[in-house]
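Written below as structure tokens is the structure these notes are about.
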Amino acid sequence: MSDQGREELSQVMRHRREKLAALRERGIEPFAYNFEPTATAAGAITAFEAGEADGNLAEGGYGPSFRLGGRIVGWRDMGRSVFAHVEDVSGRVQVYFKKNVVGEESFETLALLDLSDWIGVEGPTFRTRSGEVTVHVESWTLLTKSLRPLPFGKVETDAETGERIVHSGFEDQEARYRQRYADLAVHPEVREVFRTRSRVITALRRFLDAEGFLEVETPVLQPIYGGASARPFLTRHNALDRTMYLRIADELYLKRLIVGGLDRVYEISKDFRNEGLSRVHNPEFTMLEWYQAFSDYEDQMELVERLVLYVLDEVVGERRVRVGDREIPVEAPFRRLGLIDGLSEVLGRDVHEMTQEELYKKAEELGIPDLKGAGRGKLIDKLFGELVEPGLMHPTFVLDHPKELSPLAKPHRRDARLTERFELYIGGAEIFNAFSELNDPIDQRERFEAQTALREAGDDEAQQIDDDYIRALEYGMPPTGGVGMGVDRLVMMLTGQTSIRDVILFPILRTEE
RNA sequence: GACCCGGUAGCUCAGCUGGCAGAGCAACUGACUUUUAAUCAGUAGGUCGCGGGUUCGAGCCCCGCCCGGGUCACCA
């Protein structure tokens with residue numbers, strides 16, 4: 001956005017600069033230093049209504065006086081009076097300026113105000129003829145002059161239903177993401193999504209803290225990345241003259257802490273995966289991981305159930321989530337479905353008894369792309385993703401994944417081909433992933449070596465050998481259950497958003513120009 | 001990365017078979033002391049995403065590029 005020279009400014013912005021100059025000529029500072037409100041917009045309305053209900057209004061129907069600060073979001077000039085709406089963090093309230101109340105000079109100066117300016121007003125509350133609680137302004141002060149108009153739509157409240165009707169507005173998705181400040185400023189419902197996001201994170205912390213977990217911080221810049229199968233972002237440390245990676249997961253560091261005797265730890269972290277963007281993928285995303293000594297994945301399923309219900313109770317107030325226009329009830333215990341069992345049922349054959357060639361053929365028949373080089377585990381995973389996953393709307397634990405897909409998970413105690421692992425799907429999306437953590441250092445080294453073989457075969461998402469992590473396991477990690485959770489995806493579910501970009505304040509976009 | 005759709009005034013959009021660049025809201029001037037999508041009268045506002053090409057003439061047709069959205073792929 002170029003901003004050099006008045007010639008390039010739009011007409012609208014030129015007018016605002018002219019008003020800015022006119023304000024200064026009148027000795028008014030257009031960018032005030034501070035302001036002390038005595039109430040919020042919603043608080044003033046509530047206080048008036050309480051006084052009204054108690055029969056406590058002064059003569060003329062006036063309630064208590066307040067000083068309010070907010071942004072001008074509506075303006076109706078009636079000649080010798082003006083009605084405006086001022087919006088603060090709590091909502092909007094109507095304010096009423098009358099020439100013979102605020103005084104002639106002050107009233108004339110109102111002409112230099114615009115939509116999106118920040119002002120402070122002071123005066124008693126009253127109810128207008130048409131019934132709206134309003135601040136009868138006795139004095140006002142400019143807090144900040146806005147030089148660029150916000151893209152307000154016209155907003156009408158349906159008198160009967162109370163529904164908010166938007167007549168036109170700020171709809172351009174690109175502009176809304178790039179200028180999230182403007183998106184937030186004109187869309188109260190967007191502000192609400194991010195308030196909910198904050199409440200979700202607070203609830204997650206409160207739950208885990210109460211369970212005796214310790215919140216920790218582990219490195220974002222890592223010399224070896226691990227804990228997940230994904231391509232990393234690379235960066236460079238100049239003084240050490242070496243490549244560093246932005247973390248793709250916290251897993252291996254958190255389990256080192258379990259070795260060290262911090263027996264319940266969690267971290268809420270930004271992780272980075274160098275992958276494509278989609279409705280459910282942002283390269284920079286928020287993950288919650290926790291690890292609990294002496295527990296296995298069965299224990300973790302129980303903990304996850306309690307956590308999900310806790311967050312729903314605390315944040316949403318009802319045990320259901322919205323996906324698109326579907327309402328999905330969430331009640332414990334969640335369904336448990338063996339990955340192999342689920343797939344065998346759909347295929348009408350025991351998957352264990354199918355050869356790799358048969359699995360490959362089946363996948364090909366279904367038109368599943370990009371199969372070349374896929375091993376048995378990957379084929380099973382793809383088939384499951386195609387045939388079973390889309391139907392998992394109600395909360396479902398998918399259990400016991402093939403060993404080669406889970407290099408950090410413990411072998412299943414009853415079936416060596418599988419691991420003790422679960423993924424929790426809600427609304428067709430994977431939100432949790434957990435295992436009984438592999439703590440046999442010899443097995444772990446072999447699994448890493450198998451990953452190295454995959455890497456050499458061209459799989460650039462295969463995991464790296466982390467010798468220091470093996471060393472930690474050699475000291476002894478107690479039996480441990482661990483869980484990873486996609487915070488953004490959980491927030492999507494709880495706010496009914498269909499794109500991850502709508503729950504991330506500043507999602508990744510290509511750079512402008 | 002592939003395909004589909006889109007980019008026109010500050011915002012939301014229209015623009016026919018290629019023939020003077022349009023509307024609503026916002027802005028500006030004026031009227032109006034209980035309005036609330038205020039109303040009424042008038043005015044101004046454009047790099048039609050960018051660069052080439054075809055044509056007497058391009059917002060519109062052709063080629064290339066940029067940006068976004070969607071779908072797919074990749075991706076626990």
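We name chains A, B, ... by the order of the sequence lines, and we start the count at 1 in each one. Just so it is clear, the values below take in all heavy atoms, side chains as well, and ignore hydrogens, waters and symmetry mates. Please read all numbers here as calculations on a predicted model, not as lab measurements.
Positionally, the nearest nucleotide of RNA chain B for A:K98 lies more toward the 5' end than for the other of A:S499 and A:K98. Residue A:Y177 is the one, among A:Y177 and A:A230, whose nearest nucleotide of RNA chain B lies closer to the 5' end (criterion: closest heavy atom).
Whole-Å rounding puts the A:L405 CG to B:C75 P distance at 11 Å. To the nearest angstrom, P of B:U33 lies 15 Å from CG of A:L110. Computed from coordinates, the A:H281 NE2 to B:C72 P distance equals 12 Å when rounded to whole Å. Taking atom CZ of A:R178 as the reference point, atom C1' of B:C67 lies 7 Å away to the nearest angstrom. The interatomic distance linking A:M13 (CE) with B:C11 (C1') rounds to 14 Å, in whole Å. Between A:N274 atom CG and B:G1 atom P the separation is 12 Å, expressed in whole Å. A straight line from CZ of A:F83 to C1' of B:U39 spans 14 Å, rounded to a whole angstrom.
Using a 4.0 Å heavy-atom criterion, one finds that A:L277 contacts the bases of the nucleic acid, with or without backbone contacts as well. The residue A:R127 sits apart from the nucleic acid: no heavy atom pair falls under 4.0 Å. A:D77 comes within contact range of at least one nucleobase, with a heavy-atom separation under 4.0 Å. Within the nucleic acid shown, A:H85 comes within 4.0 Å of at least one base atom, counting heavy atoms only. Within the 4.0 angstrom heavy-atom criterion, no nucleotide atom of any strand lies near A:R16. If you check every strand for non-hydrogen atoms under 4.0 Å, A:Y425 touches nothing.
Comparing the C1' positions of B:G59 and B:G19 gives a spacing of 13 Å, expressed to the nearest Å. Nucleotides B:C56 and B:C40, compared at atom C1', are 47 Å apart to the nearest Å. For the P atoms, the distance from B:A9 to B:C65 is 25 Å, rounded to whole Å. Atom name P, nucleotides B:G45 and B:C32: the rounded distance is 28 Å, in whole Å.
With a 3.5 Å ceiling on both atom-pair distances, B:A58 lacks any Watson-Crick or G-U wobble partner. Shown here, B:G30 forms a base pair with B:C40; the pair counts as Watson-Crick or G-U wobble because both key distances fall under 3.5 Å. Here B:G45 sits opposite no nucleotide as a Watson-Crick or G-U wobble pair (both hydrogen-bonding atom distances under 3.5 Å). A 3.5 Å limit on both hydrogen-bonding distances identifies B:A23 as the Watson-Crick or G-U partner of B:U12. Pairing of B:G68, defined by two Watson-Crick or G-U wobble distances under 3.5 Å, is identified with B:C5.
Distances shorter than 4.0 Å separate some side-chain N or O of A:K378 from OP1 or OP2 on B:C75. For A:R148 and B:G10, the shortest distance from a side-chain N or O to OP1 or OP2 is not below 4.0 Å. Using a 4.0 Å cut-off, some side-chain N or O of A:R129 falls inside it from OP1 or OP2 of B:U35. For B:C74, one of the phosphate oxygens OP1 or OP2 lies less than 4.0 angstrom from a side-chain nitrogen or oxygen of A:K382.
Closest of all the heavy-atom pairs between A:V483 and A:A434 is CG2-CB, 3.6 Å. Contact detail for A:K403 and A:R447: the closest heavy-atom pair is CE-NE, 3.6 Å.
For the pair A:Q94 and A:F83, the minimum side-chain heavy-atom distance is below 4.5 Å. Side chains of A:S436 and A:F422 form no contact here, defined as non-hydrogen atoms less than 4.5 Å apart.
With sequence neighbours excluded, no residue forms a ring-ring contact (aromatic ring centres under 6.0 Å, His included) with A:F448.
Not a single donor-acceptor pair, N or O on each side, falls under 3.5 Å between the base of B:U34 and the side chain of A:E132. For B:U35, its base sits under 3.5 Å from the side chain of A:R76 at one donor and acceptor pair at least.
Side-chain proximity of A:K19 to the nucleotides B:C28, B:C74, B:C32 is greatest for B:C28. The nucleotide whose nearest atom lies closest to any side-chain atom of A:M78 is, among B:G68, B:U35, B:A27, B:U35. Distances were taken from every side-chain heavy atom of A:Q94 (C-beta onward) to each of B:C28, B:U35, B:C75; the shortest belongs to B:U35. The listed nucleotides are B:U34, B:A27, B:C11; the one nearest the side chain of A:V12 is B:A27. With distances taken from any side-chain atom of A:R80 to the nucleotides B:U35, B:U33, B:C28, the minimum falls on B:U33. Each of B:G10, B:C28, B:G45 was ranked by its minimum atom distance to the side chain of A:Q11; first place goes to B:G45.
Relative orientation of the A:Y62 and A:H136 rings is perpendicular, given thresholds of 30° and 60° on the angle between their planes.
Here the side chain of A:D488 pairs a donor or acceptor atom with the backbone of A:T286 at under 3.5 angstrom. Within the 3.5 Å criterion, the main-chain N or O of A:H401 finds no donor-acceptor partner in the side chain of A:E420.
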